[in-house]
Trainee: 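The structure is given below, and queries will be raised subsequently.
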Amino acid sequence: MSFFGVLIPPPFTGSGQEVAHQLQDIHNWVGWTIIILATGHALAALYHHYFLHDRVLGRMLPAAR
């Protein structure tokens with residue numbers, strides 16, 4: 001592994017495949033959770049804009065200030 005061209009040792013050497021798989025599972029769950037929350041947030045903003053007409057989306061945009 002390298003960071004800006006500097007070689008660094010892997011943080012989990014010798015901890016086994018089981019730990020690597022657990023970390024990968026946690027990483028995947030957190031990633032999908034963030035994607036789902038961001039999508040829900042965007043859909044809620046669009047719902048306010050197109051169905052409730054309450055200018056919530058307009059207040060979030062910089063041009064509306």
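Worth saying up front: this structure is predicted, and the values here are computed from it rather than measured. Residues take their numbers from the sequence shown, with the count starting at 1.
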Trainee: Once ring-ring contact (aromatic ring centres under 6.0 Å, His included) is applied, do any residues pair with F4, and if so which ones, sequence neighbours excluded?
Mentor: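 Counting only residues at least two positions away or on another chain, F4 forms no ring-ring contact (aromatic ring centres under 6.0 Å, His included).
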
Trainee: Would you give the length of the straight line joining atom NE2 of H49 to atom CZ of R59, rounded to the nearest 0.5 angstrom?
Mentor: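 So the NE2 of H49 and the CZ of R59 are separated by 12.5 Å.
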
Trainee: Apart from V6 itself, what residues make up its hydrophobic cluster, given side-chain heavy atom links below 4.5 Å?
Mentor: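 Other cluster members: none.
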
Trainee: Is the shortest side-chain heavy-atom distance between H48 and D54 below 4.5 Å?
Mentor: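 Yes, at least one pair of side-chain atoms sits under 4.5 Å.
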
Trainee: In residues 25-47, what donor-acceptor pairs under 3.5 Å come from side-chain atoms, sequence neighbours left out?
Mentor:
unit_1	atom_1	unit_2	atom_2	d
N28	ND2	Q24	O	3.3
T33	OG1	W29	O	2.7
T39	OG1	I35	O	2.9

